[in-house]
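Just so we're clear, the structure is a prediction, and the values are computed from it rather than from any experiment.
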Amino acid sequence: MPEEKNMKTLALLGATGSIGTQALEVVRQQPGRFRVAVLSAQRQWELLAQQAREFRPAVVVIGDESAYQNLKSALADQPETEVLAGPAALAEVVTRPEIDIVLTALVGYAGLLPTVAAIRAGKDIALANKETLVVAGELITGLIKKHNVRLLPVDSEHSAIFQCLVGEEQNPIEKIILTASGGPFRGRSAQQMEAVTKAQALKHPNWDMGAKITIDSASLMNKGLEVIEAKWLFGLTNEQIDVVVHPQSIVHSLVQFEDGSLKAQLGLPDMKLPIQYALGYPQRLANTFPRFSFLDYPTLTFEAPDRVAFPNLELAFGAMRRGGNAPCVLNAANEVAVAAFLREQVGFRQMSDLVAECLARVSYLAEPILADLVATDAETRRLAAQLIMN
């Protein structure tokens with residue numbers, strides 16, 4: 001077992017979601033490596049209480065303040081764990097001096113402000129919340145440099161790029177290629193996509209994720225958001241990012257260097273490996289996760305994405321090219337659209353129409369500050385809600 005002096009103290013935001021629960025599996029696999037100081041959840045107070053009993057953090061935060069009393073009562077016999085509620089509490093706890101690294105596994109825009117607070121407090125960030133860089137990429141990368149902290153990607157595709165770049169600091173990137181599974185509707189025409197149901201869209205062929213990310217993957221918006229995230233993570237131009245559909249989800253992404261060489265990172269579609277790599281970086285930690293064998297996957301295939309059947313990908317590239325607050329509009333409109341689809345208020349293809357309408361109508365700002373982005377997010381959500389009601 002590693003000596004306690006090497007232990008990292010972890011704040012895990014979004015502990016009850018798909019990434020959060022898998023991160024805790026990683027912690028269990030690595031006794032003596034990590035101490036959990038903070039756990040948070042938005043609504044699932046029962047699971048959060050269960051996690052708190054096992055990991056005994058110094059503090060737990062429930063985002064939904066109406067669930068505070070339930071959580072407080074559930075942990076009444078665990079007085080060493082402080083119980084807090086609300087977004088302000090979340091932004092405060094990540095700044096506490098004992099924390100070494102903050103894993104932001106919150107879903108959507110909610111991850112932005114606590115991530116900003118953690119960076120300003122000098123904490124390393126393991127980023128599983130792509131929306132933070134989509135909404136405020138320039139601001140976040142500036143803060144990372146100013147406060148001299150590490151931004152470690154957790155998304156499997158960005159982790160793959162990050163791993164491929166280790167040792168290549170002197171070699172310029174020609175381009176990166178993000179792989180996409182294509183989701184459950186790969187090969188369907190734009191007309192066929194009109195009839196997609198909620199139940200069909202929630203069945204991803206390779207990954208087990210939360211509802212919002214699963215819908216985003218089915219519409220290829222998830223890949224569009226990852227394109228924008230990659231631009232900021234790796235300091236790329238818009239022209240240096242490409243997407244290829246790879247249905248087996250074994251090649252997690254590739255880097256092409258200026259001599260034409262390609263480096264790829266491969267593995268089974270399992271988020272625990274990129275989570276562990278981010279938390280343990282720069283070390284690769286031994287584990288008992290299942291191993292990939294080429295004999296189990298004798299055929300790996302690649303194809304171009306269909307940007308007509310899946311217009312979200314082109315909407316994301318367009319927002320990235322426009323810059324300013326356009327990616328913030330894209331993200332906010334998509335969050336409202338996905339929530340409406342899950343409530344069966346809009347159809348699958350209507351989500352893209354809603355995002356496009358918001359991009360066309362929300363006020364454009366070329367050089368937004370944080371307050372502008374907060375206002376843009378609110379303005380977009382109001383407009384999107386109105387469009388759904390009309």
Q: In terms of side-chain heavy atoms, does Gln22 have a donor or acceptor partner in Ser18 at a distance below 3.5 Å?
A: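 Yes.
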
Q: Of all residues at least two apart in sequence or in a different chain, which pass the salt bridge (Lys or Arg N to Asp or Glu O under 4.0 Å) check with Arg120?
A: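 Expected list: none.
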
Q: Would Arg322 and Tyr364 count as a cation-pi pair here, with the cationic atom under 6.0 angstrom from the ring centre and within 45° of the axis?
A: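 Yes.
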
Q: What pairs with Tyr109 under ring pair (Phe, Tyr, Trp, His ring centres under 6.0 Å), at least two apart in sequence or on another chain?
A: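 By the ring pair (Phe, Tyr, Trp, His ring centres under 6.0 Å) rule, Tyr109 matches no residue at all.
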
Q: Test of understanding: clusters of I, L, V, M, F, W, Y form through side-chain heavy atoms closer than 4.5 Å, transitively. Do Val60 and Leu47 belong to the same one?
A: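 No, Val60 and Leu47 fall in different hydrophobic clusters.
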
Q: Can you tell me how far CG of Leu262 sits from SG of Cys164, rounded to the nearest 0.5 angstrom?
A: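 So the gap between those two atoms works out to 9.5 Å.
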
Q: Between Lys198 and Glu344, is there a side-chain N and carboxylate O pair less than 4.0 Å apart?
A: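 No salt bridge links Lys198 with Glu344.
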
Q: State whether the number of non-hydrogen atoms from other residues, nucleotides or ligands found under 6.0 Å of Glu169 atom CD is greater than 12.
A: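 Counting other residues, nucleotides and ligands, CD of Glu169 exceeds 12 neighbours.
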
Q: Using a 4.5 Å cut-off on heavy atoms from C-beta on, say whether the side chain of Ile369 contacts that of Asp372.
A: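 With C-beta onward as the side chain, the pair touches.
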
Q: If you measure from CG on Leu354 to CG on Leu359, what distance do you get to the nearest 0.5 Å?
A: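 Spacing of CG (Leu354) from CG (Leu359) equals 10.0 Å.
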
Q: Which residue in the set His246, Glu157, Gln265 passes side chain to side chain contact (heavy atoms under 4.5 Å, CB included) when paired with Ser253?
A: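 The single option meeting the side chain to side chain contact (heavy atoms under 4.5 Å, CB included) with Ser253 is Glu157.
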
Q: When the side chains of residues 292-300 are checked against the rest of the protein, which donor-acceptor pairs come out under 3.5 Å, sequence neighbours left out?
A:
unit_1 : atom_1 : unit_2 : atom_2 : d
Ser293 : OG     : Leu295 : N      : 3.1

Q: Does this structure show an ion pair linking Glu168 with Lys263, if we count only N-O contacts that are shorter than 4.0 Å?
A: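 Judged by the 4.0 Å cut-off on N to carboxylate O distance, Glu168 and Lys263 do form a salt bridge.
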
Q: Determine the minimum heavy-atom distance between Leu285 and Gly280, stating which atoms define it.
A: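 So the minimum-distance heavy-atom pair works out to CD1-CA, 4.1 Å.
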
Q: Any chance the side chains of Arg284 and Gln163 put a donor and an acceptor closer than 3.5 Å?
A: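 Short answer, yes.
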
Q: Who passes ring pair (Phe, Tyr, Trp, His ring centres under 6.0 Å) against Phe257, sequence neighbours left out?
A: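 Counting only residues at least two positions away or on another chain, Phe257 forms no ring pair (Phe, Tyr, Trp, His ring centres under 6.0 Å).
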
Q: Could you walk me through whether Leu383 and Glu357 satisfy the side-chain contact (heavy atoms from CB on, under 4.5 Å) test, starting with their C-alpha distance in whole Å, then the side-chain angles of each, then the deciding distance to 0.1 Å, before giving a yes or no?
A: CA-CA 9 Å; Leu383 174 59; Glu357 185 76 5; 5.7 Å; no

Q: Kindly determine whether Ile19 and Asn129 satisfy side-chain contact (heavy atoms from CB on, under 4.5 Å), including the steps that lead there.
A: CA-CA 10 Å; Ile19 296 294; Asn129 174 256; over 6 Å; no

Q: Begin with the C-alpha distance, continue with both residues' side-chain angles, and end with the deciding distance and a verdict on side-chain contact (heavy atoms from CB on, under 4.5 Å) for Ile228 and Leu330.
A: CA-CA 11 Å; Ile228 301 172; Leu330 175 92; 3.8 Å; yes

Q: Can you tell me how far the CG atom of Leu279 sits from the CD atom of Gln30, to the nearest 0.5 Å?
A: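 Reported value, rounded in 0.5 Å steps: 9.5 Å.
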
Q: Please give me the minimum heavy-atom distance between Gln276 and Asn287, naming the atom from each residue.
A: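 Minimum heavy-atom contact is NE2-ND2, 3.1 Å.
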
Q: Tell me if the CG atom of Asp259 is crowded by more than 12 foreign heavy atoms within 6.0 Å.
A: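 Atom CG in Asp259 is crowded, with more than 12 foreign heavy atoms closer than 6.0 Å.
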
Q: Kindly determine whether Met351 and Val338 satisfy side-chain contact (heavy atoms from CB on, under 4.5 Å), including the steps that lead there.
A: CA-CA 7 Å; Met351 291 191 291; Val338 170; 4.0 Å; yes

Q: Taking only residues at least two apart or on different chains, which pairs with a member in residues 76-94 satisfy salt bridge (Lys or Arg N to Asp or Glu O under 4.0 Å)?
A: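 Listed once each, the pairs are Arg53-Asp77, Arg56-Glu80, Glu82-Arg96, Glu92-Arg96.
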
Q: Hydrophobic cluster membership, with links at side-chain heavy-atom distances under 4.5 Å among I/L/V/M/F/W/Y: are Leu112 and Leu90 in one?
A: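 Shared cluster, yes.
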
Q: Minimum heavy-atom separation for Val308 and Pro311, please, with both atom names.
A: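 Here Val308 and Pro311 meet closest at O-CD, 3.6 Å.
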
Q: Using a strict cut-off of less than 4.0 Å between a Lys/Arg side-chain nitrogen and an Asp/Glu carboxylate oxygen, indicate whether Arg188 and Glu194 qualify as a salt bridge.
A: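 No, no charged N to carboxylate O under 4.0 Å.
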
Q: Should we count CZ of Arg28 as having more than 12 external heavy atoms under 6.0 Å?
A: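 Enclosed.
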
Q: Enter the distance from Asp270:CG to Ser249:OG here, rounded to the nearest 0.5 Å.
A: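 Reported value, rounded in 0.5 Å steps: 12.0 Å.
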
Q: Angle class for the Phe234/His158 ring planes (parallel below 30°, perpendicular above 60°, tilted otherwise)?
A: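 Parallel: the ring planes of Phe234 and His158 meet at under 30°.
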
Q: For Glu65 and Pro87, work out which heavy atoms get closest and say how close.
A: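 Answer, listing the atom of Glu65 first, then Pro87: OE2-CD, 4.1 Å.
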
Q: So, taking the atom named CG in Asn334 and the one named CE in Met221, what distance separates them when rounded to the nearest 0.5 Å?
A: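 Going from the CG atom of Asn334 to the CE atom of Met221 covers 4.0 Å.
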
Q: Taking only residues at least two apart or on different chains, which pairs with a member in residues 226-237 satisfy salt bridge (Lys or Arg N to Asp or Glu O under 4.0 Å)?
A: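 As it turns out, the salt bridge (Lys or Arg N to Asp or Glu O under 4.0 Å) pairs with a partner in residues 226-237, which skip direct neighbours, are Lys223-Glu226.
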
Q: Which of these, Leu236, Asp242, Asn238, sits in a side chain to side chain contact (heavy atoms under 4.5 Å, CB included) with Gln240?
A: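 In the set Leu236, Asp242, Asn238, the residue that makes a side chain to side chain contact (heavy atoms under 4.5 Å, CB included) with Gln240 is Leu236.
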
